[in-house]
Each structure stands twice: as structure tokens, then as C-alpha cells.
There are 2 protein chains.
Amino acid sequence: MVKVPSPNKSTVTAQDVARLAGVSRAVVSRALSNNGSVSPQSRARVEAAARQLGYQVNFLAQGLNRQRSQLIGVVVARLTDPFRSTLVNALLSAIQARGYQALVTEITDEQETGLSLRRFTQFRVSGVVVTSGQPPESIVRECIEHHIPVVGINRAQSGPSMDVVCSDNHAGAMLAAAQLRAAGCQSFIWLNYQGSTWAGRARGEAFHHALTAKGIAPECLRELQAPKDGYEGGFWAAQHSDLQHSALLPQRATTGVFCANALLACGFLDGMRQQGINAPTDFHLIGFDNTPQTAWESYQLTTIHQQVDVLAAKALDCLHERAKNPELAAQVIPVAVELVHRRTSPCVTEQTDTL
Amino acid sequence: MVKVPSPNKSTVTAQDVARLAGVSRAVVSRALSNNGSVSPQSRARVEAAARQLGYQVNFLAQGLNRQRSQLIGVVVARLTDPFRSTLVNALLSAIQARGYQALVTEITDEQETGLSLRRFTQFRVSGVVVTSGQPPESIVRECIEHHIPVVGINRAQSGPSMDVVCSDNHAGAMLAAAQLRAAGCQSFIWLNYQGSTWAGRARGEAFHHALTAKGIAPECLRELQAPKDGYEGGFWAAQHSDLQHSALLPQRATTGVFCANALLACGFLDGMRQQGINAPTDFHLIGFDNTPQTAWESYQLTTIHQQVDVLAAKALDCLHERAKNPELAAQVIPVAVELVHRRTSPCVTEQTDTL
DNA sequence: TTGAAAGCGTTACCAA
DNA sequence: TTGGTAACGCTTTCAA
């Protein structure tokens, strides 16, 4: 049973511990941070004193002195997007597991990324993870000059200073293309929204390549662009696609739809259903992200799964690496994705996809 | 066009600005923090110098000196829950709008709440918002002693030190009960999960009271308890309810189901549909939270809306109030909720509910 | 191994 | 109004 004598003095400092333990501040610091040599008995006395007084390091002072806080900055936009919150959740876990604390900034506009980074440097963070927005290269360089590593997740590499960890969009698009092909789709739709993120565009291009590589004629791939992101965007796209007509053709050539993200896919599916068209009977549908909702009974979306915890872990690895070696050339680290077979494009029985 | 001379010296301090402006550090500090008197010309020179050098305050040093950082701690669990992420999103916006930065901790276990608070104090945060978990009163008191106000959102008031901002669960339950009654429901089910949060239990009790106050016999209200939270819990509950039988009775007494949260409601609806039972034809369903998904076409859940931005704003107001006056008695601040009419229990045409 | 002392970068008080 | 100075609380040389 630890007994705190009395919280008379509002805040207990290393000095107080030193006094009680009968040593100097320096010894206290060394003992508590396992840094420098301390005799076993001193250490014991310090630890006892610290416990007794309920001493806790002042991270502000510690950071000021070390020129580095145990903070890691995280930039995110629209946390209400299920994929984003899943990713941030993974990041928080990873950050805390490594003994850091997360300083989170929400941006509503890509432009704000830079400002966030600046504020992070003012806290002397140990690193920054950008999950949304594209920071201006100049500001990233500022960070690097302050020895603050910056890593992006699922975004374009902007300049030579920022590492990037990125789900393998190309592989994802290939998996989607292969699945749709194997399922017998003859025509294809790529669904994205206007002003899509870099990741979305990358997926679209990869899908295009994957299809043409499979010998699909260009006119068989249409692109649908919703005026806005999210569920509503997908819903809108469904109402403005002409899939309902082609699906009703006598010799219906099954259409395969690939979406830039999970929300678009959910919205699209609902929008089509509202018109009496459903997957996989009338068309096939594959989304990206594998958010929890895509697994819900009403959707059961076939989707490309992103390993968020791997993304998070590798991002932190990156920060760590680069902190040790700032001169390192910027890397792009791919993270594998997986195709999750669900109802909107069910698994096809073994079939060599060599067409 | 601002020109940064050269980032030769890694980090520029107030001293540097002072030197360039030809004044002392003190003047720089006063000029830049609008605190204390500075002559117009000094101020101008300082500002120019600061801009020229790209000076940015070191928040660590500032906080150390002021004994308070411009950080606000946020405790959250399971950020993947859409309601949580919506709430945290609102909190982040509010925190930043007021010039603070959010220090976010994810807890996986209620027990960790205390540890989070401790770490927050080590950063000398200006306040703490607890959105998950119940902090031990002793630790909350520690915070208060360090002049760090703590506010909870949607949780029980634990002890006399923590303010609480809380959606009006009672009103929500009343609205739900009234709606179901008006829709003609004769029997009722309250759906919650084992080990529910305090808010969930409070909603259940309020629902119970509301019904009995309306003269509903106790045997008309059953309670369903899922073994786990979330969508899966709701889905499970649907499979283990006997609603499918009662719904098929010849003289079917329409059943009204009220759920502790949105995920349960979505899961329950899907689970029932899988058995061929649907709302509102076979039963009525009302959820809580009004998360984005409940508005999706596949669900269109009638639900109790929580005003997350009001919750966030009032929570920060609380912190502010209490920072000014730490001796204040702990408050419980209710936030109004609204009934959102959607398909699972559609709006009934004007009807005085005086039964 | 230990303690004294010099910072880390700001802010606030106080005398000028 | 201004500048010197003393904190703020910690870490890290550097001698002893």
C-alpha cells in the first residue's frame, strides 16, 4: 500500500525526490531514466522516494532539455470516414505501444497540413504521420531540418524528404480486375469522385492497366465520376450510371464495377438496388478498404482489404529509421492488400486466369 | 514575399529575434504574446524580425514556464465505432478552434483511463475530456489538485470533481417511447449488450420509466441483452429474440424495439431481415446516436440524434469555466436530443399522445 | 559513482 | 516602455 504523505506542495519535482533519497537531482534523473551509472543502493533509494512522493517527470521540462518530446503528430481529415478512423485507431495503438503519445490534428482543407506540421515542430515532436493532405515540400524540409521525420500513409511522395507507406494499390487493382474477369465480367466501370485523393486516382490507373493487360478493349472500361465523395457520391453515381439499361439488355454482358473506396461502393450498391438492380445478379461490385460496414449483412461487399495495423507499424518504423539516419533517401514502402470475397462478387471456383 | 535568410542555425529562438530587432528577449516575448506593454515601433521591429527569421515559439519552454501547455487531453476507446469517431471529430474541431491541440489516448480497457490522465498531467495539459472509461475519483482529484479540469461526455458523474456533459438520455427514451406508442406498438423490447456503458443502461432505465408512465404493463416490456457490443451483438440478438414468432401471430401486437446504440440497431435490423422479418412492417425499431450509417438507404433507421458538436462545445466550456473557478461544484450539463424519423418507425400523422 | 553547474527557451517580476 | 534576472524542471557534461 503506497501512501502519499500529503499533497501539500502542489507539484513534486526531481529535487524533492533527491532530497528525500539523500542524493542529488542528477542521480535521480539517471536512476529514473536508466541513463548513466547509478549504484544499486542509490537507485533503490531513489525509486522508493519517487514512489513515495508520487513523482512524475514533467514531460515539458524533459522535452525542452532533450530537444525532443515523446509526442508524435498525426494529421487526419474527416475522421468520420470509417476507414480513416480505423487507420487512426491503429496508429494510436501503435504509437502508445511504443511509448509515445499522439498529438492529433484534424484538417478540413489540404492547405492546413503545413500549418499542422509547424505546430507539431513547436512541440518538438519525435515524428509526424500524415494520413490526409499533402504537405508542401518546403515545410516537410523544415521538419527534416529540425530532425523531425515525416511519413505519409497512402499518399503520393512529395519531394525527397518524406517517406511513404502505402497499401499496394496496384496489386489491389489487379486482384479486383482478375476477380471480375474470372467472374465473367465483359465490361467494366471504374467509380471515383471528383477531386479524389491520390490513392483513389492511383487505384483507377492501376485498374485500367490491369484490364488492358488482360486484353480488355478500352471501350469496355468506362469511368464514372461522382461529384462528391462518400456514400452520397456513390449513390449519386448509381442514379446517373446507365448500368440499369445495359443490365437489362437481352444478352447482358455482365458489368464489373470497381470503386475507389468503401463508402462509394456502399452508396453505389444502395443506389442501384433502389432501381431494382442488384449485385451480383445484375452486376459485380468490388470496393476498396474493407471497412466494418462492408461486412454488414446488407452489403456483404467484396472488397480489397487494407492492413491498417501493418500500415501503422511500418509508418512508425519509418520514423524510427529516419530519426537514426536523416540522410536516408526517401522510401516508398508498399503494404500488401488482400481480396476479401463476399457476395457482390463471389469467389469463383478454381480457375487459371490466363486469358 | 518573405525570405528566410538561411537555416544555418538549426533552431531560431527569441534571443535571435531580439538581437535582430535590437531589443531584449523580454520585449520579444511581450510583443509576440500581446502581454505587457511594448511601444508600437518596438512591436513592429519585433514582428518584422520574427517573420524574417521564421521564429516560432517553443511550446515546451512556454508550457514549462507558464506551468500549462496548450494541450487538451482526450480519452477515447474503440475509435472504430462510428459514433465515437464522430464525437472525437467534433472534439478535435472544437479544440483547435479554441487554439488548443489535442493529445489523444486510446484505451482498450476502462482501467487505463487513470493512466492516461496521469500522462496528461505530465504534459501539463489545460484540460481533459473523457469520452470513454470511468476515471478513478482519486486520479481525477489529482488532476484537480494540479489545476487540470476534467470533464466527461456521456458518462456517470464519478465523484464531486468531474463535470459531465451528457446527451439527455431520459428525453431520448421518452421520445422513443412516445413514437413507438403513437405508432401503435403494444409490446416493447429494450436491446442492450452485456457490460453496457453507463449511458446505455441509463437509456434503458429511462425507457422503462417512460413506458410505465404511459401505463404500459411491465410484462409488455422485455429486455434483450446481447453477449457483445456492436453490430454483431445486435445481429446475435435478432437471432435469439422470439420476435419472429410473435410477429407472425394472427392478431399481431406490433412490437417496438429500442436499442442502446446505433450499431446494435443496425445489427438487429439485419438479423431480423435475414429471418424474413422487417421494420416497420413486422415491428418498429428505434436506435440511438444517429450515426451516418443509420441514414443509409439499406437501414433508414429511426433514431435519437445526439448533437455531437454541442456536446463538444459544452465540454470545452466546462473546462474553461472550471479552470477559472476550480472550487465550483461539479455539474451535469444535459444536451438536448432529437428524434429523427426514418423508415423503421415512420412519423405518425399528428396525434396527441395522451393515452 | 556522484554532485555541481551549465544549459534548454520562455515568461514574469522588478527596478530603472 | 524597457532590459536584467530569476524562475520553470529536467538532463548532461565534467571534475572529483
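Throughout, protein chains are lettered first and strands after them, A, B, ... in sequence-line order, and every chain is numbered starting at 1.
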Undergrad: Polar pairs (N or O, both sides) under 3.5 Å between protein and nucleotides 12-16 of chain D?
TA:
{"unit_1": "D:dT12", "atom_1": "OP2", "unit_2": "A:N35", "atom_2": "ND2", "d": "2.7"}

Undergrad: Can you find a side-chain donor-acceptor pair between B:E137 and B:S161 that sits under 3.5 Å?
TA: yes
Undergrad: Could you tell me how far apart B:L60 (CG) and D:dT11 (P) are, to the nearest whole angstrom?
TA: 12 Å
Undergrad: Looking at B:S37, I'd like to know whether one of its side-chain N or O atoms comes within less than 4.0 Å of OP1 or OP2 on D:dT1.
TA: yes
Undergrad: Using the test ring-ring contact (aromatic ring centres under 6.0 Å, His included), find all partners of A:F120 that sit at least two apart in sequence or belong to another chain.
TA: none
Undergrad: Could you tell me whether B:R19 and B:D16 make a salt bridge, using a distance below 4.0 angstrom between a side-chain N and a carboxylate O?
TA: yes
Undergrad: Can you check the A:N58 CG to C:dG9 P distance for me, whole Å?
TA: 16 Å
Undergrad: Touch check for B:Q41, heavy atoms < 4.0 angstrom, all strands: base, sugar-phosphate only, or nothing?
TA: nothing
Undergrad: So how far off straight is the helix from C:dT1-D:dA16 to C:dA16-D:dT1, going by the axes through five pairs at either end, to 10°?
TA: 40°
Undergrad: Verify the contact: side-chain N or O of A:S24 to OP1 or OP2 of C:dA4, cut-off strictly under 4.0 Å; return yes or no.
TA: no
Undergrad: Please state how far atom CZ in A:R19 lies from atom P in C:dG3, giving the value in whole angstrom units.
TA: 14 Å
Undergrad: Give B:F59 one of three labels, base, sugar-phosphate or nothing, depending on what nucleic acid heavy atoms sit under 4.0 Å from its own.
TA: nothing
Undergrad: Classify the nucleic acid contact of B:V57 as base, sugar-phosphate or nothing, counting any heavy atom under 4.0 Å across all strands shown.
TA: sugar-phosphate
Undergrad: Looking at C:dT1, C:dG9, D:dC10, which one has an atom nearest to any side-chain atom of A:S42?
TA: C:dT1
Undergrad: Figure out the CG/C1' separation between A:L53 and D:dG9, and round it to whole Å.
TA: 15 Å
Undergrad: Just the rounded figure in Å: distance from P of C:dT1 to CZ of A:R45.
TA: 17 Å
Undergrad: Calculate the interatomic distance between A:L32 atom CG and D:dC10 atom P; express it in whole Å.
TA: 10 Å
Undergrad: Which comes earlier along DNA chain D counting from the 5' end, the contact point of A:A61 or that of B:V23, where each point is its nearest nucleotide?
TA: B:V23
Undergrad: Rounded to whole Å, how long is the line connecting atom CD of B:Q56 with atom C1' of C:dT10?
TA: 15 Å
Undergrad: For A:Y55 and D:dG9, give me the distance from atom OH to atom P, rounded to whole Å.
TA: 10 Å
Undergrad: What I want to check is whether the side chains of B:S42 and B:S39 have a donor and an acceptor closer together than 3.5 Å.
TA: yes
Undergrad: Identify each donor-acceptor pair in which a side-chain atom of residues 71-81 of chain B lies under 3.5 Å from a protein atom, sequence neighbours left out, and give them as a table.
TA:
{"unit_1": "B:D81", "atom_1": "OD1", "unit_2": "B:F83", "atom_2": "N", "d": "2.8"}

Undergrad: Looking only at heavy atoms, what is the nearest atom pair of B:E112 and B:E106, with distance?
TA: OE1-O, 4.1 Å
Undergrad: Taking side chain to side chain donor-acceptor pair (under 3.5 Å) as the test, write out the residues that go with A:S167, two or more places apart.
TA: A:Q306
Undergrad: What's the closest nucleotide to the B:S39 side chain, out of D:dC10, C:dT11, D:dT2?
TA: D:dT2
Undergrad: Answer with yes or no whether the side chains of A:R124 and A:Q67 bring together a donor and an acceptor at under 3.5 Å.
TA: no
Undergrad: Any luck finding a side-chain donor-acceptor pair between A:Q70 and A:S126 under 3.5 Å?
TA: no
Undergrad: Please set out all donor-acceptor pairs under 3.5 angstrom arising from side-chain atoms of residues 29-38 of chain A, sequence neighbours excluded.
TA:
{"unit_1": "A:S33", "atom_1": "OG", "unit_2": "A:S29", "atom_2": "O", "d": "2.6"}
{"unit_1": "A:N34", "atom_1": "OD1", "unit_2": "A:R43", "atom_2": "NH2", "d": "3.2"}

Undergrad: So, does B:Q67 get its side chain near the phosphate of D:dG9, meaning an N or O under 4.0 Å from OP1 or OP2?
TA: yes
Undergrad: Of the options C:dT11, C:dG9, D:dT11, whose atoms approach the side-chain atoms of B:L64 most closely?
TA: C:dG9
